[in-house]
Amino acid sequence: MLDTSLSQIGFAIAALVAAFAFLKGDEPERIGAGAFLLGVFATLLLHDRTALTGIQWKVLAVDLVFLGVCAALAWKSRRSWPVWACGFQSIVVMSHLLTLVDLRPALAAFYVVINLAGYGVLASIAVGTWQAWRDRRAESLA
């Protein structure tokens with residue numbers, strides 16, 4: 001999955017956002033970034049490149065677990081970014097379910113939706129980390 005330059009750029013963006021969350025974020029941001037990276041690595045390991053049709057159950061399971069993490073963060077945290085991340089991850093899960101109900105979206109469209117929703121999750125984590133960092137700096141200056 002990291003065989004094209006675009007996938008390598010996407011992975012680099014994910015690594016940078018996760019590093020930013022680990023260095024400057026609070027506990028919810030670190031949990032979200034860590035779960036996202038674990039999901040990326042699990043998807044790399046479990047993705048069946050030979051299956052061009054049908055649902056990839058292992059990847060769906062990984063995406064459902066990450067949706068659960070986002071939902072738990074949205075429920076327990078007072079921050080707004082987990083709600084946005086949960087929404088974007090719900091789009092990913094719904095894309096898997098489209099193939100389950102046999103709507104057969106084009107494979108390219110399926111991957112575009114999943115990748116764009118993944119970038120939405122990353123943007124949510126990045127914005128949440130920036131807000132946590134900004135709030136912490138404002139408290140230390142006051």
Side-chain angles (χ1 to χ4, degrees), residues 1-49 51-101 103-142:
M1 255 175 107
L2 290 174
D3 50 351
T4 65
S5 60
L6 287 177
S7 63
Q8 292 170 358
I9 290 170
F11 184 76
I13 291 170
L16 288 173
V17 169
F20 179 55
F22 287 135
L23 292 174
K24 300 295 182 181
D26 291 334
E27 185 178 6
E29 290 80 21
R30 291 178 184 148
I31 291 171
F36 185 84
L37 281 183
L38 281 174
V40 168
F41 288 128
T43 300
L44 285 174
L45 290 172
L46 299 173
H47 184 262
D48 184 12
R49 296 185 63 155
L52 298 178
T53 60
I55 193 162
Q56 298 223 3
W57 293 102
K58 295 175 185 175
V59 177
L60 174 61
V62 169
D63 287 335
L64 281 171
V65 167
F66 183 64
L67 178 61
V69 169
C70 290
L73 284 173
W75 184 35
K76 291 291 184 179
S77 174
R78 294 187 346 220
R79 306 189 194 275
S80 62
W81 73 264
V83 176
W84 287 94
C86 198
F88 287 119
Q89 189 62 23
S90 295
I91 293 172
V92 171
V93 170
M94 289 306 295
S95 296
H96 286 292
L97 296 180
L98 281 177
T99 59
L100 181 66
V101 295
L103 288 179
R104 298 181 192 208
L107 195 60
F110 175 74
Y111 285 125
V112 165
V113 167
I114 286 178
N115 287 331
L116 287 177
Y119 287 125
V121 171
L122 281 175
S124 302
I125 293 171
V127 168
T129 302
W130 178 75
Q131 288 175 339
W133 181 36
R134 182 193 62 189
D135 292 345
R136 200 170 44 249
R137 285 187 60 208
E139 287 175 1
S140 68
L141 294 175

Let me have the donor-acceptor pairs involving side chains of residues 9-36, under 3.5 Å, with sequence neighbours excluded, atom names and distances please.
{"residue": "Asp26", "atom": "OD1", "partner": "Arg136", "partner atom": "NH1", "Å": "2.2"}
{"residue": "Asp26", "atom": "OD2", "partner": "Arg79", "partner atom": "NH2", "Å": "2.6"}
{"residue": "Glu29", "atom": "OE1", "partner": "Asp26", "partner atom": "N", "Å": "2.9"}
{"residue": "Glu29", "atom": "OE2", "partner": "Arg79", "partner atom": "NE", "Å": "3.1"}
{"residue": "Glu29", "atom": "OE2", "partner": "Trp81", "partner atom": "NE1", "Å": "3.0"}
{"residue": "Arg30", "atom": "NE", "partner": "Phe22", "partner atom": "O", "Å": "3.2"}
{"residue": "Arg30", "atom": "NE", "partner": "Gly25", "partner atom": "O", "Å": "3.3"}
{"residue": "Arg30", "atom": "NH2", "partner": "Gly25", "partner atom": "O", "Å": "3.1"}

### Task
For Trp84 and Val121, run side-chain contact (heavy atoms from CB on, under 4.5 Å): C-alpha distance rounded to whole Å, both residues' side-chain angles, the deciding distance at 0.1 Å, then the answer.
CA-CA 7 Å; Trp84 287 94; Val121 171; over 6 Å; no
### Query
Do the side chain of Gln89 and the main chain of Cys70 share a donor and acceptor less than 3.5 angstrom apart?
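Flag not set: sc Gln89 to bb Cys70 has no pair under 3.5 Å.
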### Query
Can any side-chain N or O of Ser140 pair as donor or acceptor with the backbone N or O of Arg137 at less than 3.5 Å?
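Looks like yes, one N/O pair under 3.5 Å.
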### Task
Output, in order, the C-alpha distance, side-chain angles, deciding distance and verdict of side-chain contact (heavy atoms from CB on, under 4.5 Å) for Val101 and Leu97.
CA-CA 6 Å; Val101 295; Leu97 296 180; 5.8 Å; no
Output the distance between atom [atom1] ([X]) and atom [atom2] ([Y]), rounded to the nearest 0.5 Å.
X      : Y      : atom1 : atom2 : result
Thr43  : Phe66  : OG1   : CZ    : 10.5 Å
His96  : Ile91  : NE2   : CD1   : 12.5 Å
Ile125 : Leu37  : CD1   : CG    : 8.0 Å
Met94  : Asp63  : CE    : CG    : 13.0 Å
Ile114 : Tyr119 : CD1   : OH    : 13.0 Å
Leu60  : Leu46  : CG    : CG    : 12.0 Å

### Residue pair Leu73 / Val69, side-chain heavy-atom distance below 4.5 Å
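They are in contact (side-chain heavy atoms under 4.5 Å apart), so the answer is yes.
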### Query
If you look only at pairs with a residue in residues 112-132, which of them pass as a salt bridge (charged side-chain N to carboxylate O under 4.0 Å, His left out), with sequence neighbours excluded?
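Sorted pair list comes back empty.
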### Message
Go through it in stages, so that I can follow the logic: the residues are Ser80 and Val83, the test is side-chain contact (heavy atoms from CB on, under 4.5 Å), and I'd like the CA-CA distance, side-chain angles, deciding distance and then a yes or no.
### Response
CA-CA 6 Å; Ser80 62; Val83 176; 5.7 Å; no
